[in-house]
S.K.: 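So that we are looking at the same thing, I have put the structure below in structure tokens.
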Amino acid sequence: MSMNKEYIDQQYESLAQKELKAWLEKNQKSPSIINRMTSGTQRSINKIIPDKIHQAVTYAIEKMVRGVLLGNKFIAPKPSIAHQLRVKEFKARKSIKIYTRTASVEGAVTGAGGILMGFADLPAFLAIKMKMVFDISAAFGHDTKDFKERLFMLHIFKLTFSTQKTRNETIDIIENWDKYSSTLPDNLDDFDWRKFQLEYRDYMDLAKLAQMIPIIGAGIGAVANFKLSKSLGKNAILAYRLRYLQKAKKLN
């Protein structure tokens with residue numbers, strides 16, 4: 001029976017390795033012409049928006065993320081003691097299923113409320129996604145009370161909600177996390193919050209703006225939140241899978 005489980009684990013890890021390789025290649029590819037055109041359009045729009053609005057959005061995101069990373073807004077989940085990758089990822093996928101449904105309902109409710117409720121969606125949706133990544137991290141056995149583990153979560157956000165150029169830079173950091181994390185400071189004072197909020201907001205602009213349209217906003221909000229949170233969950237699983245397989249390789 002144990003031999004059968006060992007075989008299943010080996011086959012699972014073999015398939016997981018192949019999927020991981022494809023994921024890395026996708027995030028390492030050069031920005032396409034469409035990517036560059038989209039980034040140019042977003043920069044033009046950002047120049048039109050008054051700086052006070054940029055500052056307000058930056059402040060809101062900074063306080064929300066800083067509170068999650070440094071405070072006790074969320075109860076840190078207990079790290080899983082499971083050793084097998086398939087068991088860790090099974091637990092992680094259960095969390096994704098729960099939180100994508102929650103995000104979808106939240107998007108439908110705020111979308112139905114029009115513009116004012118649409119603005120309220122930003123912190124609520126961010127909180128749901130943060131809690132999901134907390135649970136995924138714990139499923140892989142990581143201590144979410146650890147400040148550097150929380151910074152790793154922030155890099156998963158950057159990887160998911162950013163331009164291809166930023167994904168290229170971020171995937172390199174994630175691939176070399178052990179080396180990179182040893183150089184990290186013990187605080188967030190040097191973090192570029194403005195750049196983070198612009199990348200984060202621009203990635204979701206079209207879907208989230210459409211969510212504020214009366215009548216159709218509810219449906220759009222539900223679908224947008226579901227897809228965006230699911231994308232984050234998938235990236236989180238693959239990022240933690242990468243660290244798991246790297247560690248396993250070192251031990252062997």
S.K.: State, to 0.1 Å, how close Leu228 and Phe161 come at their nearest heavy-atom pair, and which atoms those are.
M.R.: O-CZ, 3.8 Å
S.K.: State plainly whether the residues Asp9 and Lys5 are in salt-bridge range, i.e. N to O under 4.0 Å.
M.R.: no
S.K.: Rounded to the nearest 0.5 Å, how far apart are CG of Leu85 and OH of Tyr244?
M.R.: 5.5 Å
S.K.: How long is the gap from CG on Asn235 to CG on Asn27, to the nearest 0.5 Å?
M.R.: 6.0 Å
S.K.: If only atom types and distance count, is the side chain of Asn168 paired as donor or acceptor with the main-chain N or O of Lys29 below 3.5 Å?
M.R.: yes
S.K.: Give me the atom names and distance for the closest heavy-atom approach of Pro77 to Thr144.
M.R.: CD-OG1, 3.3 Å
S.K.: Is there a side-chain contact between His142 and Pro79 in this structure, where contact means two heavy atoms from C-beta onward sitting under 4.5 Å apart?
M.R.: no
S.K.: State, yes or no, whether a side-chain contact exists between Lys91 and Asp135 at a heavy-atom distance under 4.5 Å.
M.R.: no
S.K.: List the residues meeting salt bridge (Lys or Arg N to Asp or Glu O under 4.0 Å) with Arg241, not counting sequence neighbours, and say none if there are none.
M.R.: Glu19, Glu89
S.K.: Once rounded to the nearest 0.5 Å, what's the spacing between atom CD1 of Ile237 and atom OG of Ser137?
M.R.: 12.0 Å
S.K.: Atom OG of Ser231 and atom CD1 of Ile96: how far apart are they, to the nearest 0.5 Å?
M.R.: 10.0 Å
S.K.: With sequence neighbours excluded, what pairs up with Ala239 under the side chain to side chain contact (heavy atoms under 4.5 Å, CB included) test?
M.R.: Trp23, Phe152, Ile156, Ile174
S.K.: Go through the steps to decide whether Arg150 and Leu154 satisfy the test side-chain contact (heavy atoms from CB on, under 4.5 Å), and finish with yes or no.
M.R.: CA-CA 7 Å; Arg150 295 187 177 195; Leu154 191 58; over 6 Å; no
S.K.: Rounded to the nearest 0.5 Å, what separation is found between the NZ atom of Lys129 and the OG1 atom of Thr160?
M.R.: 9.5 Å
S.K.: Are Thr166 and Lys158 close enough that a side-chain donor and a side-chain acceptor fall under 3.5 Å?
M.R.: no
S.K.: Who are the salt bridge (Lys or Arg N to Asp or Glu O under 4.0 Å) partners of Asp178, not counting sequence neighbours?
M.R.: Lys250
S.K.: Indicate the ring-plane relationship of His155 and Trp177, choosing parallel, tilted or perpendicular according to the 30° and 60° boundaries.
M.R.: perpendicular
S.K.: Quick check: does any side chain N or O of Lys88 sit under 3.5 Å from a backbone N or O of Ala82, one acting as donor and the other as acceptor?
M.R.: yes
S.K.: Take Phe140 and Arg243, measure what side-chain contact (heavy atoms from CB on, under 4.5 Å) needs, and give me the verdict at the end.
M.R.: CA-CA 10 Å; Phe140 276 83; Arg243 290 177 66 186; over 6 Å; no
S.K.: Check whether any side-chain N or O of Tyr12 sits under 3.5 Å from a backbone N or O of Val87 as a donor-acceptor pair, and report yes or no.
M.R.: no
S.K.: List for me each residue that meets salt bridge (Lys or Arg N to Asp or Glu O under 4.0 Å) alongside Asp172, sequence neighbours excluded, and say none if there are none.
M.R.: none
S.K.: Between Tyr99 and Ile128, what is the shortest heavy-atom contact and its length?
M.R.: O-CG2, 3.7 Å
S.K.: Drop me the distance from Met153's CE to Ile136's CD1, to the nearest 0.5 angstrom.
M.R.: 9.5 Å
S.K.: Using distance alone, with no hydrogens and no angle criterion, decide if Arg167 and Gln164 have a side-chain donor and acceptor under 3.5 Å apart.
M.R.: yes
S.K.: Mind checking what makes side chain to side chain contact (heavy atoms under 4.5 Å, CB included) contact with Gln17, not counting sequence neighbours?
M.R.: Leu20, Leu245
S.K.: Who passes salt bridge (Lys or Arg N to Asp or Glu O under 4.0 Å) against Glu175, sequence neighbours left out?
M.R.: none
